[in-house]
Structures are given as structure tokens and as C-alpha cells.
Amino acid sequence: MDGAVPAVKMRDITKRFGSVVANDKCWLDIYRGEILALLGENGSGKTTLMNMLSGIYFPDEGEIFIDGKPVVISSPRSAFDLGIGMIHQHFKLVDVFTAAENIILGLPGKLDIHAAKEKIMDICTKYGFVIDPDQKVYDMSVSQKQTVEIIKVLYRGAEILILDEPTAVLTPQETDRLFAVLRNMRDDGKAIVIITHKMHEVESLSDRVAVLRKGHFTGDMLTKNTNIQEMTNMMVGRPVELNIKRTETVDPKPRIQVQGLTIKDAEGTVKLDNVSFTANSGEVLGVAGISGCGQKELLEAIAGLQVVESGSICYVRDNGEKEELIGKDPLKIKSLGVALSFVPEDRLGMGLVGDMDIGNNMMLRTYRDSKGIFTNRKDPYHVAHQMVDFLEIVTPSVETPVRRLSGGNVQKVLVGREISNAPTVLLTAYATRGLDINSSYMIYDLINEQKQRGVSVIYVGEDLDVLVALCDRVLVLCGGKVSGIVDGRKTDKRELGAMMTKLGGMTNE
């Protein structure tokens, strides 16, 4: 912005983690009264750069200037003192506290909860937030929790806000409301940075984009002067084809039949209520729903990891013979010749062992196939090398513990391992969550390859544009019930969003 002094100026910022250089002499300018989209592939250093601005990491080299003055940001508190607040992908809230209690938590001095509520409502009125200060966090939707996090940093006086993947689990309607609030904040003179992989959101929301590639700053430009293809090419360093090639279904036959499935959690809350559908071989069945509407429980039940209250889940063989899966654990399911591959939403909690390297995580799927008392380490490491090359996983080696990889690269390891298992049913929960656009399209291509091989793919996704473009049919959940099953070629994200928030109005197919 010509003539304006940047609210934030970062110069020659370098950060190393052992032999890995996450940021290498990066430059970045952030201005008041603008929304800056920070773009880059997984492992390009976006979040690391912002973590240094927000005081979580300390740079090894370089300088940071706030309003033209050099500063040292040694902790999140010193960042707050400079008016910098970051809203992370994973919220940092206390579930049993109210919104107001979370917002003022950790502030020094004697706290007046009534005065705090008045200040919170003033912030809501000014920017367009909708929140009940007395609502407990455990009763909130994902969107409401995010609102609490944003108000929390505004309450502390933040003028520079950083949002990491802010729309990852929001419906289109919730995204629109968030964007309206962010524009109000921008118009009030706030400096806003969003880290996102959703390029259509970059086009609609941001004023300027800055691009990192492999830890280096490659340039910035006004959003109105560029397009998705140009931005993607800058991120990757070469032309990238951006097209989900939805193939025709391949001799679809029933593969998984679910009837009257009801599941309750440990507290007795109904997570799935009388859910019925059929997933066919040679097709991609999408599952859409607001976060927490039973998607996780549905996939875990099919994979043999979830206790079922009532109902039936049958695996249908090629000859039409049915095998009931309820009551069988994953090992028993595998011993019956039912090949299920499961990509859970909690990639490090359920999918991978963080302290184990890539090769050993691959071996978790195959070690029982070894002969004798020794495990076969050669084949898993061979597959790991192939996966690293094909999926362009950024890692020093296949011997690197997966917890040291960026979130997107951890996701690549998990998806690659499950697909390499040659399943007949592939269950995926948010397979591209946190992945850059180039990597996401690789995964879409892999899913279509599985479909062409006759695999039944059940794809739980949060990006409704992708669900419409990739899936043959989309099952929509609302409050644990089936709101409808629609043809992916004949629906749009607005229809899906409406079905996610209001039950009924559609006919099951």
C-alpha cells in the first residue's frame, strides 16, 4: 500500500528446527484496514511465520517492526501487549466455562464479570458477532466457539488479528457470517491475516495475498489483480491443473448397507438416530454435516471401532452374500476378507503414532502379515519412500517421527498409508483437511483411482464445493438424522448447507 506504514513489517525472518529450515529470510508486510491472505503449500512455513509474530516461537534471525518500531516478541503475552492476537485451528477454551469466563480467563487484576459482559456485548454490537456470554462452551457449535476465540483477542485490545484456517469446519452460511464480521473489523482499521487453503475464499475475502514457497517469501499482490491459477502456480512453482475429474460410476453394486443405525455416546446422548443408506462399489458417497453431527461415529461404526445401540451394518460381497459387521472388532472384520481402510479425523490421536517414523507407521497396517517372530520392515519402508515421492511429503527422511511434520504432511502420510492397503471400502474423514490446494487435488485423484478399481469410497468432507464436484451422491446429516441423499451432479453447496442446518425437505434415494 503506497505511502502507508505497515502495521507489521517482518524482515529476513529465519526459523530452524534442527536441520529443517521452516522460514528462510522471509519478508512480510501487514497493513491496517486490509485482509491479507497468507498462502503456501503444506510445510511452506505459513503457520511458523505467524507463530513467531504471535510469540509462540522466537525467530533465529531477522527483525519485526510494529508501526515502524523494532520490537522483540518473546511470548504470547508480549504479542498481546503489542496488540497482536492469533486464533488457532484448534480452539483453546475451557468447556465447562461460559463464553464470558473464557474471554476474561487469565487477565490480571480483579475481574468484574458484569462489566466484562457489557464490554463483550459492545464488541458484538460493533462488529456483528452473535453470542450469549452466559452460554457454556460445551453447548456451543464450532462457529460459536470460534466467535468466542475472536472476541477473546479483541477484548484484550488486539489490532492485528491472525486466523489460521478459520473456515475449516464451518457451513457456507457460517462462513458468510464470519466474513461479514471480518470485513467490519477491516473497515474499523484492524489488520487481519488469514491462513487458508480455500482459494475461492481468498478471492472473495482478501484484499492482498502473500505467498510462501518452501520457506521462502515469493511475492505479494493485490487479490483483484490475480486469480486462483496464478496464485496456485506461485505456491507450487509450476503450472498446476485445478480440476476434479469426476469419473462415471463403475458397475455400482451395494457394498455397505446400513439400516436403522442408532448410536449413543458415553453420556447417553444420541449421536446417530435411525440412519439408513447404501454405499455402492465403484462410487464415491459423500457425507456432509455440521461438525459433531455423527460423521465420526458413522465411520467408526463401519470400521468396527464404535459401540452400536441398535441397527445393522452389512458388508455385501460380490456374489450378494451379506456379512454383519456389528459386534465384530477390526481384526475380525479383516479376517473375514473385508478390506476396510479408515482415515479418521483425529490423525495423530487415532490414525498415526506421533513418535514413530513414517516407515514404522506404514508397518502398523502390515506387521501381522509377517512370517515368524520378526516383522517385515523392508516392504513398509519401500512403500513409505514411494509415498513420500508421489505425495511430495516434506520430510527430512522416512525415518523422521511424524509428529515433527507439518499438519498437512501428517495428513498425507495417513491417507497414503490407507490407500496403499488396497481396500474394498475406503472410509475417509476430512482427508484433505489442512492440505494445500496441490496436495488436495492429488488426494482427489487418488480417490477417483480407487473408485475406478471398484472400491466403495465413503468421503466425509467439510468443503461443500468439493463434495459437489467429487461425489456421485451426498448423504446429508442434521442432528444425527439423515436429512437427505442427493445426486452430486444435480445439487449445489447452498442446498447442502440448508439441509445441514434444517432437517427434512428432501427425499432419500
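Numbering starts at 1 and runs along the sequence shown. Just so it is clear, the structure is predicted and the values come from calculations on it, not from any experiment. These values consider heavy atoms only, across backbone and side chains, with no hydrogens, waters or symmetry-generated copies.
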Set out, in order, the CA-CA distance, both residues' side-chain angles and the distance that settles side-chain contact (heavy atoms from CB on, under 4.5 Å) for Q450 and R453, then state yes or no. CA-CA 5 Å; Q450 296 300 301; R453 293 173 182 168; 3.2 Å; yes
Assess whether side-chain contact (heavy atoms from CB on, under 4.5 Å) is satisfied between K198 and V466, documenting all intermediate values. CA-CA 10 Å; K198 298 181 179 180; V466 171; over 6 Å; no
Does T147 use its side chain to pair, donor to acceptor, with the backbone of S143 at less than 3.5 Å? yes
Heavy atoms from other residues, nucleotides or ligands near CZ of R213 exceed 12 (cutoff 6.0 Å): yes
What are the two closest non-hydrogen atoms of M234 and T218, and how far apart are they? CE-OG1, 3.8 Å
Checking D472 side chain against T249 main chain: does a donor-acceptor pair fall under 3.5 Å? no
Is there side-chain contact between I290 and V142, with at least one heavy-atom pair below 4.5 Å? no
With a 4.0 Å cut-off on N to O distance, would you call R473 and E283 a salt bridge? yes
Do R403 and D355 have side-chain heavy atoms sitting under 4.5 Å apart? yes
Verify whether one side chain among N233 and Q229 offers a donor that lies under 3.5 Å from an acceptor in the other. yes
What pair of heavy atoms forms the shortest contact from P133 to I120, and how long is it? CG-CG2, 4.5 Å
Any donor and acceptor pair, going by atom type alone, linking the side chain of T491 with main-chain N or O of G488 inside 3.5 Å? no
Rounded to the nearest 0.5 Å, what separation is found between the CG atom of N23 and the OG1 atom of T14? 7.5 Å
Taking the side chain as everything from C-beta on, heavy atoms only, tell me whether F179 gets closer than 4.5 Å to T167. yes
The side-chain contact (heavy atoms from CB on, under 4.5 Å) partner of E203 among I228, V209, T226 is I228
Are the side chains of L470 and R246 in touch, meaning some heavy atoms are under 4.5 Å apart? no
Pairwise side-chain contact, E159 with V153, heavy-atom cut-off 4.5 Å (strictly under): no
Hey, are the side chains of L163 and I150 touching, using non-hydrogen atoms and a 4.5 Å cut-off? yes
Step-by-step side-chain contact (heavy atoms from CB on, under 4.5 Å) determination, R404 to D357: CA-CA 9 Å; R404 294 184 182 174; D357 64 29; over 6 Å; no
What's the spacing between L475 CG and L298 CG if we round to 0.5 Å? 7.0 Å
Between CD1 of I358 and CD1 of I393, what distance do you get to the nearest 0.5 Å? 5.5 Å
Here the pair of heavy atoms bringing C471 nearest to Y459 is SG-CD2, 4.2 Å
Option passing side-chain contact (heavy atoms from CB on, under 4.5 Å) with I437 (candidates L39, T432, T232): T232
Pair D463 + K493, salt bridge at N-O below 4.0 Å: no
Does D24 come within less than 4.0 Å of K15, counting only side-chain N to carboxylate O? no
Give, for atom CG of L49 and atom CG of L28, the distance between the pair rounded to the nearest 0.5 Å. 6.0 Å
Quick one: side-chain hydrogen bond (donor to acceptor under 3.5 Å, both in side chains) partners of T223, sequence neighbours excluded? S206
Begin with the C-alpha distance, continue with both residues' side-chain angles, and end with the deciding distance and a verdict on side-chain contact (heavy atoms from CB on, under 4.5 Å) for E149 and M86. CA-CA 9 Å; E149 288 281 24; M86 185 168 178; over 6 Å; no
For residues 64-75, which residue pairs pass the salt bridge (charged side-chain N to carboxylate O under 4.0 Å, His left out) check, not counting sequence neighbours? R32-D67
Rounded to the nearest 0.5 Å, what's the gap from CG on L405 to OG1 on T395? Could you check? 4.5 Å
By the side-chain hydrogen bond (donor to acceptor under 3.5 Å, both in side chains) test, which pairs, at least two apart or in different chains, include something from residues 98-109? T98-E101
Sequence neighbours excluded, every pair satisfying salt bridge (charged side-chain N to carboxylate O under 4.0 Å, His left out) that has a member inside residues 214-226: R208-D220
Is the shortest distance from a Lys or Arg side-chain nitrogen in D12 or K25 to a carboxylate oxygen in the other one below 4.0 Å? no
Hey, is D95 close enough to K136 for a salt bridge, meaning N to O under 4.0 Å? no
Minimum heavy-atom separation for P76 and G55, please, with both atom names. CD-O, 3.3 Å
Within the structure provided, determine whether L426 and I458 are in side-chain contact (heavy-atom separation under 4.5 Å). no
Flag, side chain of Q295 to backbone of G289, donor-acceptor distance under 3.5 Å: yes
Check D164 with K46, please: is the shortest side-chain N to carboxylate O separation under 4.0 Å? no
Could you pull out all residues at least two apart from Y57 that satisfy ring pair (Phe, Tyr, Trp, His ring centres under 6.0 Å)? F17
Identify whether NZ of Lys or CZ of Arg in K9 sits under 6.0 Å from the centre of the six-membered ring of F65 and within 45° of that ring's axis. yes
Check: S483 side chain, M499 main-chain N or O, donor-acceptor pair, under 3.5 Å: yes
State whether a side-chain donor-acceptor pair under 3.5 Å links S439 with E41. no
Taking atom CZ of R77 as the centre, report whether more than 12 heavy atoms of other residues, nucleotides or ligands fall under 6.0 Å from it. no
CD1-CD1 distance between I30 and I162, expressed to the nearest 0.5 angstrom: 6.0 Å
Minimal heavy-atom distance between G497 and L464, with the atoms involved, is N-CD1, 3.9 Å
Please tell me if the side chains of I194 and L38 come closer than 4.5 Å, counting only heavy atoms from C-beta onward. no
What are the two closest non-hydrogen atoms of V72 and F58, and how far apart are they? CG1-CE1, 3.7 Å
Side chains of residues 121-129: which donor-acceptor partners sit under 3.5 Å, not counting sequence neighbours?
unit_1 : atom_1 : unit_2 : atom_2 : d
T125   : OG1    : M121   : O      : 2.9
K126   : NZ     : D188   : OD2    : 3.3
Y127   : OH     : D188   : OD2    : 2.6

Is E61 salt-bridged to R16, cutoff N-O under 4.0 Å? yes
The test is salt bridge (Lys or Arg N to Asp or Glu O under 4.0 Å); show your working for K117 and D132 and say whether it passes. CA-CA 9 Å; K117 290 179 184 178; D132 176 3; over 6 Å; no
